[in-house]
Amino acid sequence: MTPLELPGYAHVYSGKVRDLYAPLDADGRPREDQLLLVASDRISAYDHVLTSEIPDKGAVLTQMSLWWFDRLADLVPHHVVSTDVPEAVARRAVLVERLDMAPVECVARAYLTGGGLNEYRASGTVSGLSLPGGLVDGSRLPAPIFTPSSKAPAGQHDEPISYDDVVALVGADRAAVLSDLTCRILARGNEIAAERGILIADTKVEFGYRADGTVVLADEVLTPDSSRFWPAAGWEPGRAQPSYDKQYVRDWLTSDASGWDKGSGEEPPALPDEVVERTRAKYIEAYEALTGQTF
Ligand code: Q0N
């Protein structure tokens with residue numbers, strides 16, 4: 001993956017689906033106070049970044065994130081400085097404040113599934129917290145819980161960590177704020193999304209700090225890439241819930257039609273046009289359902 005050449009910006013980092021650039025100052029030096037955060041159209045599934053892109057995915061997720069930042073602004077300030085970005089990345093990039101990032105993935109869960117469900121089945125706890133008995137895959141939790149994970153180096157998986165680990169990383173006062181904010185963001189997200197037919201099972205958010213110590217919400221927020229979105233209409237605790245956005249991709253990749261075995265270590269094949277188009281339509285549908293605006 002060769003990053004875009006953006007005049008006036010220096011490429012600094014590429015993740016699976018996002019690219020970071022530093023704006024250059026008048027002397028051609030990278031600014032230390034800002035970053036350009038670019039959401040690509042890349043999509044990942046089963047731990048692979050696919051060769052096929054989903055047209056407009058980066059723009060949909062960036063615009064959705066901006067919409068959420070507005071609706072969370074009374075809880076926490078966000079890092080966006082400007083949406084005036086180069087034409088080549090119009091609508092899918094934002095200029096952000098460069099922060100000192102908290103060295104922890106802040107995860108909250110409102111519904112039980114995935115890694116949280118596995119821990120619950122083994123011990124009746126999630127992230128060390130005791131939960132009521134009788135919960136099943138997809139059960140709604142009494143209230144969102146904080147289930148932090150480590151920030152793994154690129155290519156590795158985030159590992160669950162304990163609340164005490166977060167305290168050791170950032171101190172007790174900051175840990176309490178991160179936990180509280182993460183849970184409140186997910187609770188607010190669900191209050192809003194539920195009215196629009198979407199459940200947000202869990203979410204991962206990132207925070208950073210200004211030089212004066214103010215905590216700031218960074219990265220993308222409450223998008224289908226950072227969260228599990230489920231269609232409310234099909235929610236049925238007791239079975240795995242279909243993914244709002246990636247279900248066509250997963251279903252095709254695991255079907256005989258793809259000829260791919262997810263355990264093979266091989267790269268997955270390119271997606272058929274129909275799967276790309278249906279997936280694109282799901283991202284746009286989620287944006288339009290949530291915001292009530294045409295994409
Ligand atoms: C940021 N990453 C991960 C080295 C590169 N507002 C911000 N300020 C500072 N940094 C970031 C943001 C945001 N958003 C940093 N992503 C976003 C880049 N790291 C990952 C590990 O390797």
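These numbers were taken from a predicted model, which means no experiment stands behind them. In listed order, ligands and their atoms are each counted from 1. Basis for what follows: all heavy atoms, side chains included, without hydrogens, waters or symmetry-related copies.
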- prompt: Side chains of His78 and Leu72: does their closest heavy-atom pair fall under 4.5 Å?
  reply: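 With C-beta onward as the side chain, the pair stays apart.
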
Specify the closest pair of heavy atoms between [X] and [Y], including all atoms of both residues, with the distance to one decimal.
{"X": "Tyr163", "Y": "Ser179", "answer": "CE1-CB, 3.9 Å"}
{"X": "Pro3", "Y": "His11", "answer": "CB-CD2, 3.5 Å"}
{"X": "Val170", "Y": "Pro103", "answer": "CG1-CD, 3.7 Å"}

Just list the N/O pairs, ligand 1 to protein, that are under 3.5 Å apart, with the distance for each.
unit_1: ligand 1; atom_1: 6 (N); unit_2: His79; atom_2: ND1; d: 3.1
unit_1: ligand 1; atom_1: 6 (N); unit_2: Glu97; atom_2: O; d: 2.8
unit_1: ligand 1; atom_1: 8 (N); unit_2: Leu99; atom_2: N; d: 2.9
unit_1: ligand 1; atom_1: 14 (N); unit_2: Asp219; atom_2: N; d: 3.1

field: Side-chain H-bond candidate by donor/acceptor type, Glu119 with Thr125, under 3.5 Å
entry: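 Looking only at side-chain atoms, Thr125 and Glu119 do form a donor-acceptor pair, the distance falling under 3.5 Å.
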
query: Will you find, in the side chains of Asp212 and Thr214, an N or O donor that is under 3.5 Å from an N or O acceptor?
result: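 Result is yes, a qualifying pair exists.
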
